[in-house]
Amino acid sequence: MKIKADTGRCVGAGMCALTLPEVFDQSEDDGTVEVLDPEPPAERAAAVRRAVQLCPSGALSLDSIEE
Amino acid sequence: MTEATPRLSTFPLARERTFDPPDELARRRAEAPLQRMTYGDGHEGWLATGYAESRAILADARFSTRPELMHSALPQRVELRRDPLPPGFFLQMDPPDHTRYRRLLTGQFTVRRMKQLEPRIHDITQSRLDAMEREGAPADLVRSFALPIPSLVICEMLGVPYEDREKFQHDSSVILDLEASTDEIRTAMYDLLAYLSELVAAKRKDPGDDMLSGLAASEELTDAEIAGMGLLLLIAGHETTANMLGLGTFALLTNPRQLAVVRDDPDAVENAVEELLRYLSILHIGPTRTALEDVEIGGTLIRAGETVTLSLGAANRDPERFEGGDTLDVTRSAQGHLSFGHGIHQCLGQQLARVEMRIAYPALLRRFPGLRLAVPPEEVPMRATSAVYGVRRLPVLW
Ligand code: HEM
Ligand code: SF4
């Protein structure tokens with residue numbers, strides 16, 4: 001699983017960083033998403049999916065072809 | 001197929017029970033989660049009460065928040081929609097204008113920044129509790145606790161003198177009053193804008209370590225734009241959390257078992273706050289959006305130019321999404337609720353509001369384990385006609 005983040009779409013709402021701080025952070029500058037761990041281990045998959053679902057702006061997506 | 005019930009001609013606001021949205025909305029949701037509604041000006045628009053439909057509409061960039069496109073579901077607000085929007089009031093702007101203003105603020109409202117504010121919010125909370133103890137019971141929890149905490153916090157963040165609170169608290173409550181006349185709302189709005197413009201001009205000369213000074217220093221914005229952003233933050237920043245604290249405490253006091261969980265189990269607080277947000281859904285009406293082009297939502301075609309009014313309260317209790325949603329259960333997972341909205345306008349201050357509530361509810365309940373209502377529950381005066389629902393006063397003893 002690979003996380004893609006589009007900082008152009010991100011509105012800095014922080015749902016990702018709130019839900020899964022191990023994987024997502026927000027820039028000090030403009031609050032947009034920073035992916036700390038773009039290829040998180042399989043045991044995080046469900047939590048990552050939830051965070052992606054919760055993102056209000058559609059800035060996060062998953063590439064999971066190799067799953 | 002059964003005959004559909006007649007079309008609604010105004011958004012229902014009157015509640016049968018204190019903590020539940022109007023029954024009419026639940027009836028409409030069961031019938032059709034997205035249905036036609038006739039607006040105050042005769043416009044044939046829509047009412048959205050379903051969770052999936054509301055979420056889809058809020059996430060869709062083909063819907064606009066611009067007031068000049070919008071029809072009002074309440075007859076008394078029809079005229080206001082034609083007033084020019086104050087510069088910087090980005091809640092009612094679409095990209096790219098919205099993006100430009102919001103981006104200047106998002107760095108200040110991150111999860112991490114809000115965590116750094118915890119000690120200060122804790123201190124403010126404790127000093128309000130000390131004052132309540134000194135002054136003794138009975139107290140009005142709104143005046144002594146629920147309103148001062150978020151007001152003090154947003155004042156400090158923005159750099160607005162707390163001494164001026166009577167003025168901005170009064171003006172904001174008029175702006176949110178769904179029954180105020182157009183003139184009253186205009187007066188309050190321009191009054192508050194004039195106050196903020198003066199403040200911004202003063203900060204340009206003598207900057208402090210606060211958000212309004214920071215915006216003034218960037219040179220990118222005019223004083224009027226900064227005042228408009230300040231207006232949005234000031235109103236959105238204190239009325240909302242204040243009503244969550246007041247109404248939430250009332251809800252807990254009438255549900256002693258739920259109250260005990262929030263008071264006694266620190267690990268349960270995070271979740272309890274989400275459930276209170278979901279269950280109480282304090283935004284009384286809306287958000288409202290207008291289609292910029294034809295959009296299909298769950299098989300229903302909304303045409304360009306048509307306005308949709310949402311009910312977050314109804315969406316947050318949609319049985320398709322939250323089982324037994326009419327019951328307050330602080331141990332359920334309320335994740336995914338729409339109380340902060342969804343899409344690009346999702347609440348900018350939500351991480352601040354969360355920190356405030358996570359600190360304030362348990363601190364209050366622990367300081368006063370005997371906290372109880374000083375009047376019968378049916379005598380608590382409600383904000384029945386405000387855009388933000390809540391209690392006007394909450395008389396308590398301990
Ligand atoms: C529990 C408390 C709160 C609730 C329930 C709440 C609810 C909401 C909702 C539903 C929206 C979206 C409106 C729409 O889509 O049209 C919103 C937007 C907004 N809120 Fe909050 N809010 C709360 C607290 C705060 C606080 C503490 C602040 C401030 C500092 C704040 C600032 C804002 C701003 C600036 C927007 C506009 C965002 C945009 O248009 O991009 N809110 N809020
Ligand atoms: S949840 Fe989405 S919009 Fe919010 S900070 Fe994360 S990526 Fe950005």
Side-chain angles (χ1 to χ4, degrees), chain A, chain B residues 52 54-62 65 90-91 93-96 98-116 214 218 220 270-271 273-274 277 287 321 333-355 358:
Chain A
M1 155 184 291
K2 203 167 152 62
I3 303 171
K4 285 194 292 190
D6 178 349
T7 51
R9 291 183 76 153
C10 171
V11 294
M15 287 309 293
C16 54
L18 183 77
T19 317
L20 200 51
E22 299 84 355
V23 176
F24 300 101
D25 199 355
Q26 292 172 276
S27 111
E28 286 281 343
D29 232 22
D30 63 2
T32 54
V33 61
E34 287 174 353
V35 184
L36 302 174
D37 184 2
E39 292 185 49
E43 65 267 23
R44 286 249 160 84
V48 170
R49 266 194 210 97
R50 192 155 359 110
V52 170
Q53 247 275 313
L54 284 171
C55 169
S57 67
L60 300 177
S61 56
L62 290 177
D63 231 352
S64 42
I65 307 150
E66 296 153 64
E67 262 183 271
Chain B
S54 301
R55 202 169 185 273
I57 291 165
L58 292 173
D60 197 315
R62 293 170 294 176
T65 65
F90 59 92
L91 172 65
M93 293 179 189
D94 295 339
H98 169 264
T99 323
R100 170 170 167 252
Y101 293 113
R102 181 163 171 138
R103 274 289 165 90
L104 291 169
L105 294 169
T106 37
Q108 319 256 3
F109 286 96
T110 59
V111 173
R112 183 145 19 102
R113 274 291 184 97
M114 295 306 109
K115 255 200 120 44
Q116 289 161 0
S218 78
E220 203 183 308
E270 253 178 51
N271 202 67
V273 163
E274 300 306 313
L277 282 162
R321 179 63 179 75
S333 166
Q335 217 177 31
H337 66 72
L338 297 176
S339 295
F340 288 121
H342 185 63
I344 61 167
H345 292 279
Q346 194 187 57
C347 184
L348 175 69
Q350 58 182 296
Q351 311 307 348
L352 172 60
R354 285 191 168 100
V355 168
R358 287 172 183 179

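In the text below, chain A, chain B and the rest are named by the order of the sequence lines, each starting its count at 1.
The residue among A:Val11, A:Asp29, A:Asp25 with the most heavy atom pairs within less than 4.5 Å of chain B is A:Val11. When the candidates B:Gln108, B:Arg354, B:Arg113 are compared by the number of heavy-atom contacts under 4.5 Å with chain A, B:Arg354 comes out ahead. Among B:His345, B:Gln335, B:Lys115, B:Met114, the residue with the largest count of heavy-atom pairs under 4.5 Å with chain A is B:Gln335.
Nearest heavy atom pair, residue B:Ala59 against residue B:His342, reads CB-CD2, 3.7 Å. Taking every heavy atom of both residues into account, A:Ala45 and A:Met1 meet most closely at CB-CE, 3.7 Å. Of all heavy-atom pairs spanning B:Ile344 and B:Arg102, the tightest one is O-NH1, 3.3 Å.
Looking at A:Thr32, its side chain never comes within 3.5 Å of a backbone N or O of A:Gly8 through a donor-acceptor pair. A:Gln26 contributes a side-chain N or O that, together with a main-chain N or O of A:Gly31, makes up a donor-acceptor pair within less than 3.5 Å.
Heavy atoms of B:Leu348 lying under 4.5 Å from chain A are absent altogether. The contact between A:Asp30 and chain B is made by backbone and side chain atoms together, counting heavy-atom distances below 4.5 Å. For B:Arg103, the parts lying near chain A are the backbone and the side chain together; criterion is any non-hydrogen pair under 4.5 Å.
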